[in-house]
Each structure stands twice: as C-alpha cells, then as structure tokens.
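Structure first, commentary second.
All chains are named by letter (A, B, ...) in the order of the sequence lines, taking the proteins before the strands, and each is independently numbered beginning at 1.
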Amino acid sequence: MVTAIEIRSVTKTYQRGGESLRVLDELELTMDASTFYALMGPSGSGKTTLLNLVGGLDHADSGRVVVGGTDLGSLSGGELAQWRAENVGFVFQGFNLLPVLTARENVELPLLLAPLSKSQRRAQAERALELVGLKDRMGHKPRELSGGQEQRVAIARAIATDPKVILADEPTGDLDRTTADSVLDLLQRLNRELKKTILMVTHDPQAAGFADKVVHLDKGRLGRIDDNRAAAGRA
Amino acid sequence: MPWKLLWRNVLRHPIRAILTVGSVATAVFLLCILDASYRGLDAAVADASKTRLWVQSAVSLFVDLPEGYQPKIEAVPGVKDVVRFQWFGGIYQDPSNFFAQFGVDAAKWSANYPEIELVEGKLADWEAARTNCIIGRDLADRFGWRVGDHVPLIGAIFPRTDGGVWDFTIAGIYESRSVNIDQGTLYFHYEYLREGLEQGAVQGPRGVGVFLTCLHPGADASAAIAAIEQTYENGPQRVRATTEAEFQRQFITMLGSVPTLLAGIGSGVLFAIFFAVLNTVLMAARERTRDVGILKALGFTDGSIAGLLLSEAMLLCTAGGAVGAALALLSNRALWSFMSAFIPGFSIHTNVAMSGLALSVVIGALAGALPALRMRRLAPVTALRSEA
Ligand SMILES: Nc1ncnc2c1ncn2[C@@H]1O[C@H](COP(=O)(O)OP(=O)(O)OP(=O)(O)O)[C@@H](O)[C@H]1O
Ligand SMILES: [Mg+2]
C-alpha cells in the first residue's frame, strides 16, 4: 500500500495568555493512499490542528509532515500556497463558499491558479458540479442553496483541481441526518471511484461509519485505529 | 475572476459603494472650487491697477466726502484725472434682484478704464442723454436687457421726492478684459444724481463716495497717496487713499485670511475623506476575513489577496475622483457665471481637476494599504477560525 500522509513526531503548541498549550504531542501517524479516514476525538483534542498541518495551512513546531512525498516543513509560505493549490482540496464546516460568487464561480476559484483557459476552467467546474449532482444549480449564489447543496458545491470545489488528498473538517456538522448521509455518500464515492485519499474530522459515529478507517485522537496523542473494512469483513 | 470577485465585492453593498464614491467625488469637486476661488482672488490682486487710487473717507467706505475736495486732489503732483464715484444702491423690482450701480463721470471714467470695452453702443451714445447708462454683459444676460431698454430703479438711498422710480435707459453694453472688473454692474452719470439732489427732486446724502484718482503713467503712487492724505490730515474730514490693488487686497483680507482658510478647508476635507474611506475599507475587510481564509486555503497567495483589497479601495476612490473632476470641469461654465460676481478670476483648471483625481487614487492606495497589509499577514488558520 502506498503511503499518502506521514506524521512523524509532530508537536504543536499554542501560546495562550502566557501559558503554552501542547495541542499535538509527538504525534506519529501514517495514512495510506486512496483510503477514507475519519478523525475522531473529544473537542479540543487537536483534530482541526492536525488537519491544518496536513493541509499546509499551518507549520508544526517540530517533527515532519510529509504529504504525497513532500515534506511540508521545507516549503516557504509562497511555495506552500502553491502546493495547496495543486495537492489538496478543503471542505470546512459551514460558510465554505464566497457569498458574492455563484456555485460555478466558487468551483472555478481554485482553477484560476492552474494553467487553464477560460473555457477549460468552465468545463472542469461544470464537470465537478455534475459529479456532485448540482449542475442545474451552478448559476445560484450560496444563499440560494440549501446547507447540503452548499457542502456539495464545496466538495465540487475541493475536487475541481483533481487533488489526491481531500481534507474535510466536520463537513456534515451543520446538516440533518438525511442530508448528511448524502454528503457522506458522495465523499465515499470520491474515495471508491476516484481513489481520493480523504481525511474527515467528525464527532458523529454514524458519519465515521462511511470511512474505511477511524483514527482516534486524544489530548494530542494517537488513540486506537478502527478498521471498518476489517470489521465489515468479519461480520 | 479575481477581478470579478473584486467587482462583486464592491457591488455587494451598493449603498456603501455609492456613499464612498460620492464622498470622494464631493471632496474633489469642492477642492476644485476652492482652488478656483483661491486663484481667482490671487489673480484679482496681482492684476489690480497700481495707477488708480481710491480716495475715500478715513472713517468708512459708507461715509461720503464733500465735493469740494476734488480740486485739491487734482492739484497733487502726478494726478491725471479725478473721477467721482458714487454708490447708488437702487432696487430693481425686488431686493433679491440685487446688482451694483454707480454714478460716475462717464468720459473720464471710460478714459481711465481701458480694461472696459463697450461692445454695444459708444461713449457718445452714453453721453447723449443724462438718463443714459451702460451695463455689463452678465447683467444684460441676466435680465435679458438690450440697448434701448429702460431700467426702472427704486432709490433706496436716493429716493425721488415725487415717490416715483428712477428711469435709466441702456445706451451701451460693456465687457471686461480684466479679472478684476465684473460684468454685472450698471454705470450712470454722476451729474444726473447730483442735479436731482440740488434741485430737490431727490433726497439723500450729498457728496462723493470715492474720488477715483488716476495717476499719470510712471507717477509715484506712494508719494501721491501721502500727499493726498496729508492735505486733509487736520480735517474737516480725513481721507484715506489706497491703490486699487491694495483696495482689492484689503477687501479680500477683510473676508479673513481667505487663502489660508481655503487651504485649511481643503486639507480638512481631504483628511475627513481619507478616514471615511479607511473606515469603509476596514469594515469591508473585516466582514471578509472568512473569505480571505478560504482564498488562502485554496492556494491564493498573500500578495494577491492583499492586492484585491487594495484594488477595491483604489477603485472606489478613483471612481469618486473621476466623478468629482468631471463634475467640476463640466460645471465650470455655470459656476463661473455665478461665482465671477464675487471672484472675477474664478475658473476651474483642468490640471487641478486632474490633480484631484490623482489625489483620490493616492487616498485609495493609502486607505487600502492598512487592511490589505493586515489581511496579507493574517494566518490562514486564524482567518478560517473567524465566524463569517
Ligand atoms: N490559534 C490558536 N491559538 C490558541 N489556541 C488555539 C489556537 N487554535 C487552537 N487552539 C487550541 O488548541 C486546542 C485544539 O484545537 P483544535 O481546533 O485542534 O481542536 P478540535 O479537536 O478541532 O476541537 P473541536 O472538536 O471543538 O473542533 C483547543 O484547546 C484550542 O482552543
Ligand atoms: Mg475542530
């Protein structure tokens, strides 16, 4: 199995009111390519922090974060921005889209950073929207979309540049059960059909059930890793 | 599409955008007017004659001098002519129709004001009848008067004893070749007024408001002034003599230190606008913190995001500056006809309007720089943590 993400002895501390808070503590974790991971843990356990490090949005204090063979610690701010544009797609919890742009324009945003013509960008954005089943809504502004539709547009944007890794921070946190399930279903399909490596933070055990593996984080350290496929195989 | 994003962000709050553009436009427009007034006043002083002296009562402009002063003033070395000059203060139909009227010695007055040119009628036409007058081009345009028309005036200072109105006939129309001399005045024969007073047909103060004392070219103005003032140093009424240039200057300084005031107002306006724009841009940047986080996560560089905010501020200010400058230039003609009565040299210069535009671009850049730098430095993680 190819390794997609390597976390090697990563430590991250935040300074708060003169007090230093160790959010990630010498964390060790290896994630396989083309696998759907759910990241669970109590609030404040460092899930978002870890996701941001893997996505190159933040630097670790020590240790190494290697994604797709690239050591993120070796990249400068500008290089890191370019690396993000080419290698990862993000889906956040709520307010993912720029309110002044239509669904299609939001999906086109990351494509602006790729060497594509206007028509290529357009075609690629429409393909991504078609994949999430929202091609007919591409002219709508975010406030004209439902919460579930918004998240699906965000997913379309995350896959528009065809990155290998998709990072999602509580993508279904604001959604009702049925809507959440359809979004999770979509993520699962992206993993199965397009072989995306997905790392999804969630508090919801049912959401975690859509993943291949569930990583538990506790106080900045790795807890157990559940393998849903193995469990399913045993059952 | 970052440009599309820029445009949409601007239009997201159309009222706010319009107010910002409007305030910058107003500022540039006002600056153009201030500058035109400043230049106009300056030109008036610089251009004013130094060979014409205004000899008046030392008490006040509103106190007349006895007619008998004239020969002694004429005897002062260097003096070529003395023209009697009297403020009439008549009312045409309604006080709101105000315009100035002066009684003068027509021939001498004309001879000593080469800047004034009769474009319709001749001096001889004016002199043909005692009741004749000449009027300025602007005054003619204002009331649609033509040569031959009658101008009935109610004598406010000089009422007629029969209760009737004064009746002047327009014999000529003049234009001014100097920024100092307006085109909105009526000049009539001083003699006509004097006769009326003498014959008892008119009531009112007897005397001369100003002896316009015209010097020979090259004459020493300060020596003449000293001599004239000395003549009546011990009364019966002391006089004050000033060159027309000095008179203009004093009139202007009487309004306060106008140039300094204008410059102060100008910089105050700019300062206020700068903070208004800064406030708008800061507000816009704050509500877009989340957007900035998303853009950074997507891989947009810090520089391009900062550029977006900077461009937004510059776009708003440039638009405002352009509107203000265009408005100023387009209304120059209309403003001139209104302002030139007070400030004869009033004119909005194209390069001033352009400087106003340039200044608004600079204001946009300065106001946009602060939020742009802030957003540039903002860590993506911090931006994303902010609630929209
Ligand atoms: N920029 C920051 N400055 C200071 N402290 C921070 C910062 N970011 C995160 N923290 C703290 O670090 C800890 C871990 O935060 P993180 O967001 O990773 O937790 P989480 O597991 O995602 O929690 P949740 O489930 O509530 O989202 C929290 O205690 C949080 O308050
Ligand atoms: Mg979190």
Side-chain angles (χ1 to χ4, degrees), chain A residues 12 14 23 48-53 55-59 75-102 104-114 116 118 121-122 125 141-143 154 157-158 160-161 163 167-169, chain B residues 1-18 20 280-281 283-309 311-313 315-316 372-388:
Chain A
K12 180 77 186 171
Y14 284 116
V23 180
T48 298
T49 303
L50 176 59
L51 202 77
N52 289 340
L53 290 179
L57 288 172
D58 208 354
H59 278 294
L75 300 182
S76 70
E79 290 167 338
L80 209 53
Q82 195 187 342
W83 178 85
R84 285 198 297 271
E86 290 166 2
N87 295 282
V88 283
F90 288 95
V91 182
F92 307 104
Q93 175 183 8
F95 304 115
N96 258 296
L97 306 178
L98 266 54
V100 292
L101 299 180
T102 64
R104 181 173 56 73
E105 289 162 348
N106 264 288
V107 176
E108 267 188 59
L109 266 182
L111 295 170
L112 285 171
L113 300 167
L116 295 173
K118 197 174 167 177
R121 278 204 305 268
R122 214 188 151 109
K141 292 266 178 74
R143 68 178 136 73
R157 185 181 62 197
T161 52
L167 304 173
D169 197 350
Chain B
M1 194 160 48
W3 298 118
K4 192 185 275 178
L5 185 58
L6 168 72
W7 188 237
R8 296 270 177 83
N9 277 332
V10 168
L11 293 183
R12 183 175 178 186
H13 298 287
I15 305 223
R16 192 200 283 171
I18 288 169
T20 310
T280 308
V281 182
M283 247 162 74
R286 179 178 294 265
E287 78 188 10
R288 257 176 251 145
T289 309
R290 174 89 189 177
D291 290 11
V292 167
I294 290 168
L295 288 173
K296 288 197 174 187
L298 292 181
F300 284 87
T301 58
D302 296 345
S304 66
I305 291 165
L308 216 56
L309 275 161
S311 314
E312 188 174 332
L315 178 73
L316 286 170
L373 283 177
R374 241 197 214 176
M375 287 301 154
R376 188 191 150 99
R377 284 211 204 98
L378 193 65
V381 181
T382 317
L384 284 167
R385 271 181 198 275
S386 89
E387 285 310 310

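- With rounding to the nearest 0.5 Å, the separation of CG in A:Leu101 from CG in B:Asn9 is 7.5 Å.
- Partners of B:Arg286 under the salt bridge (charged side-chain N to carboxylate O under 4.0 Å, His left out) rule, at least two apart in sequence or in another chain, do not exist in this structure.
- Residue B:Leu11 places its CG atom among more than 12 non-hydrogen atoms of other residues, nucleotides or ligands, all under 6.0 Å distant.
- The neighbour count for A:Trp83 CH2, taken as heavy atoms of other residues, nucleotides or ligands under 6.0 Å away, is above 12.
- For A:Asp169, no part lies under 4.5 angstrom from a heavy atom of chain B.
- Rounding to the nearest 0.5 Å places CG of B:Leu5 at 6.5 Å from CG of A:Leu109.
- The candidate from B:Val381, B:Thr301, B:Asp302 with the greatest count of non-hydrogen atom pairs under 4.5 Å with chain A is B:Val381.
- Only the side chain of A:Thr48 comes within less than 4.5 Å of a heavy atom of chain B; its backbone N, CA, C and O stay farther away.
- In terms of heavy-atom pairs under 4.5 angstrom with chain A, the leader among B:Gly299, B:Ala379, B:Gly293 is B:Gly299.
- We find the NZ-CG distance between B:Lys4 and A:Leu112 to be 9.0 Å, quoted to the nearest 0.5 Å.
- The contact between B:Leu295 and chain A is made entirely by side chain atoms (from C-beta outward), counting heavy-atom distances below 4.5 Å.
- Considering every non-hydrogen atom in both B:Ala297 and A:Phe92, the closest pair reads CB-CZ, 3.9 Å.
- Listed by chain and number, the residues in a salt bridge (charged side-chain N to carboxylate O under 4.0 Å, His left out) with B:Arg8 are A:Glu105 (sequence neighbours excluded).
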Give the C-alpha distance, both sets of side-chain angles, the deciding distance and a yes or no for side-chain contact (heavy atoms from CB on, under 4.5 Å) between A:Arg157 and B:Ile294.
CA-CA 11 Å; A:Arg157 185 181 62 197; B:Ile294 290 168; 3.6 Å; yes
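- The distance from atom CZ of B:Arg290 to atom CG of A:Leu97, rounded to the nearest 0.5 Å, is 10.0 Å.
- Residues A:Leu57 and B:Pro380 come closest through the heavy atom pair O-CG, 3.5 Å.
- Using a 4.5 Å cut-off between heavy atoms, A:Glu79 does not touch chain B at all.
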